[in-house]
Amino acid sequence: IFFRDLAFDIMALQAQEYGATACAIDLGAVDSLNAASTRKWLLGISATATLACVGLIAYSAGFHVKSELFAQPQPAIHARASMRSGMDVRTLTNQQGFVGTSNVGNANGLHGAQQPSATRLDSVNAAAYLSMLVPAAGSGLAGWGPLAGLITVFTAIAWGIKKVLDTPSRTYNPADVNVGKEYDAWTQEGVLEYYWGEHIHLGYYSPELRKRGNYTNWEFIQAKIDFINKMFEWSESSTPSSILDVGCGIGGTSRQLAERFTNAQVTGITLSPKQVERGMELVKERKIDNCQLKVMDALKMDFPDNSFDLVWGCESGEHMPDKKKYVEEMVRVLKPGGTLVIATWCQREETPATPFTQSEKDKLQFLYDEWAHPYFISKEEYARLLEGTGECKQVKAADWNTETIDSWRHSIWVGIRDPMGLLCKGPKVLYRCLRDAITLERMHRAFACGLMEYGMLRATKKIPLQEGGHALVSRVTTIDHSLECANVQSLTRDEATGTLCPIFLWVAFACQGPHRPHPKNSRVVILAVTVLLGHVAAAAFAGAAILSH
């Protein structure tokens, strides 16, 4: 009953944080915390209490044995020591040891009534005391056996746990395509969605938020939403009519972009069928008509060339076994003049002057193998891949480590503050989440020390030139007698003279047929005058070039 009421209180607090629409209190959901779930709670508490009791017993036993060892009175110790050394003790005090007259045997090298010096007596007494103390200590330490055994057992258990946690459990397997299977498992468990919401990526933390600190669970979700807005702003894209989300997860970003650009068609792709299933459920619940999710390999996309105005890759490059193919495929499906934007975890740039140490290599290998990553590359290498396609211009790379690093530990704290999402899932899921929490901390440390970076890449696809000196007009539209030109290449290179001249934009206007802009439209008049003057200048340049030849 206690845990049932506790669950109700937690859900009530969540409803206050996220709003009633995002987290409605369902009494049936509370009742689902049945006796089996309660037993799991009690089992965990009992195990913790048992370990505490064992530790207390071990401490008490050690204290008792230690007290017994040093409880013998000093006079008795001294007396036994003197007997072992063959001395007849006449006077014995606790503070000054052996003093006064004594008949010392031949073993001590003293003859007759010779009086030994105080220094000689002190050295003899010290030797006698030590000769007694060694076997006494040996017999006393035998009482420490149970405590030593407990310490050994706990040390072995701790070493075994560390060994297990230091051994990666989800190494990337290209033959088995285990990336999709891992995301299937995470989706079915529901833990990731419970804590991370609809966005399976890091969040954006503003300078004001970082300065304040002490983040709430609600801010963990909001930071991910803010990241999408900041990423789109950084992409410098305008108003895309078609968007591709590569590695969409359960479609959080796809739905957010679809709701923002209602006139655009948004498509998300992922390797996980369970993610598509869950994502489309959310699409239908929100009645979003311009968003669809598909199961598709990002390295072998089915889309034709030049299909999307905006190609979006958020934290999907990490799982790609061929980064070059990943970049080339996204550029292939991007329309000329369109924007490609990538957010991805990167390792630092390795150079001959700054090679990876063996420790850094070991850390990276664990991060590869624990979350099914083939390998990471640097943001500089991503930029070189984009430029290497020969189709991209205005390539820019940035590091958003400062803005995103707080997500790692924030991910751990949301679970600590709200353990209900873990404790009701059973020991298997709890163990996986424990491993994930440790990996989150490892990730934080890797980013904090500069071994990892949060790479941001953007590029624009070049508009190809047609043969004969004419440029490609990708889209000219009219809306309410006003002209909207998008992705229009207004300059081209004349093959004869090598000079730059404007193209005949009026041809494109004439192609609009009945949708031609109104003659009185000031924008059209200005544009027509500009074109006319441009042609006069072009003719002058061409004439000068001919005369010079």
Side-chain angles (χ1 to χ4, degrees), residues 161-183 185-186 191-192 195-196 199-203 224 227 247 249 271-272 298 313-324 326-327 342-351 354-382 385 397 399-415 431-457:
I161 293 175
K162 186 177 185 305
K163 184 69 174 177
V164 171
L165 295 179
D166 284 345
T167 303
S169 62
R170 287 166 280 194
T171 303
Y172 175 77
N173 184 358
D176 192 29
V177 196
N178 61 329
V179 175
K181 292 182 179 179
E182 290 297 332
Y183 277 108
W186 278 325
V191 174
L192 203 58
Y195 289 111
W196 287 52
H199 299 271
I200 311 175
H201 55 78
L202 302 190
K224 300 177 183 300
F227 182 90
L271 284 176
S272 169
C314 182
E315 296 188 11
S316 56
E318 299 88 337
H319 295 295
M320 301 299 167
D322 188 343
K323 314 295 188 192
K324 183 173 182 290
Y326 169 65
V327 169
I342 302 173
T344 182
W345 309 343
C346 299
Q347 62 191 35
R348 70 168 176 82
E349 177 85 331
E350 184 182 20
T351 65
T354 58
F356 288 124
T357 65
Q358 187 58 48
S359 175
E360 289 177 327
K361 291 179 180 179
D362 293 340
K363 291 176 182 178
L364 287 173
Q365 194 62 49
F366 180 89
L367 299 180
Y368 297 161
D369 295 342
E370 179 62 15
W371 280 347
H373 296 128
Y375 61 95
F376 301 141
I377 61 175
S378 67
K379 64 181 185 299
E380 291 83 2
E381 180 63 20
Y382 269 111
L385 291 176
D399 183 7
W400 278 19
N401 190 16
T402 302
E403 293 82 358
T404 59
I405 190 172
D406 288 354
S407 281
W408 299 110
R409 285 182 175 171
H410 200 176
S411 302
I412 301 174
W413 278 108
V414 294
Y431 169 72
R432 283 170 59 97
C433 291
L434 173 63
R435 294 190 65 98
D436 289 338
I438 294 173
T439 307
L440 287 169
E441 175 60 22
R442 286 175 178 259
M443 278 289 189
H444 173 89
R445 296 185 182 187
F447 277 82
C449 72
L451 179 60
M452 294 287 292
E453 298 176 342
Y454 198 92
M456 297 293 295
L457 288 302

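This is a predicted model, so every value here is computed, not measured.
- Val414 is listed as a side-chain neighbour of His410, based on a closest heavy-atom distance under 4.5 Å.
- Under the salt bridge (Lys or Arg N to Asp or Glu O under 4.0 Å) criterion, Asp406 pairs with no residue at all, not counting sequence neighbours.
- Considering only heavy atoms from C-beta on, Ile405 comes within 4.5 Å of His444 through its side chain.
- Between the OH atom of Tyr195 and the CG atom of Asp436 there is a distance of 12.0 Å, given to the nearest 0.5 Å.
- The ring pair (Phe, Tyr, Trp, His ring centres under 6.0 Å) search around His319 returns Tyr183, His373, not counting sequence neighbours.
- In this view, Tyr375 satisfies the side-chain hydrogen bond (donor to acceptor under 3.5 Å, both in side chains) rule with no residue, not counting sequence neighbours.
- With hydrogens and angles ignored, the 3.5 Å screen pairs a side-chain donor or acceptor of Glu318 with a backbone N or O of Trp345.
- With sequence neighbours left out, the side-chain hydrogen bond (donor to acceptor under 3.5 Å, both in side chains) criterion links Tyr382 to no other residue.
- Checked against salt bridge (Lys or Arg N to Asp or Glu O under 4.0 Å), Lys162 has the following partners two or more places apart in sequence or in another chain: Asp166.
- Applying the salt bridge (Lys or Arg N to Asp or Glu O under 4.0 Å) criterion to Glu315, with sequence neighbours excluded, gives no partner residue.
- For Trp186, there are no side-chain hydrogen bond (donor to acceptor under 3.5 Å, both in side chains) partners, not counting sequence neighbours.
- For the pair Arg170 and Lys181, the minimum side-chain heavy-atom distance is 4.5 Å or more.
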Derivation of the side chain to side chain contact (heavy atoms under 4.5 Å, CB included) call for Trp408 and Leu202: CA-CA 8 Å; Trp408 299 110; Leu202 302 190; 3.6 Å; yes

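- Between Tyr326 and Ser316, the closest side-chain pair of non-hydrogen atoms falls below 4.5 Å.
- Within the 3.5 Å criterion, the main-chain N or O of Leu385 finds no donor-acceptor partner in the side chain of Lys324.
- Remark: Leu165 engages Ile161, Arg435, Ile438 in a side chain to side chain contact (heavy atoms under 4.5 Å, CB included) (not counting sequence neighbours).
- Looking only at distances, no side-chain donor or acceptor of Glu453 sits under 3.5 Å from a matching main-chain atom of Phe447.
- Under the side-chain hydrogen bond (donor to acceptor under 3.5 Å, both in side chains) criterion, Arg348 pairs with Glu360, not counting sequence neighbours.
- A salt bridge does not link Glu350 to Lys361: none of the charged nitrogens lies less than 4.0 Å from a carboxylate oxygen.
- No donor-acceptor pair closer than 3.5 Å links the side chain of Asp399 to the backbone N or O of Gly455.
- The shortest distance between side-chain heavy atoms of Phe356 and Gln347 falls below 4.5 Å.
- Listed by chain and residue number, nothing satisfies the side chain to side chain contact (heavy atoms under 4.5 Å, CB included) test with Thr167 (two or more places apart in sequence, or in another chain).
- Not a single salt bridge (Lys or Arg N to Asp or Glu O under 4.0 Å) links Asp369 to another residue, sequence neighbours left out.
- Residues passing the side chain to side chain contact (heavy atoms under 4.5 Å, CB included) test with Lys224 are Trp196, His199, His201, Phe220, sequence neighbours excluded.
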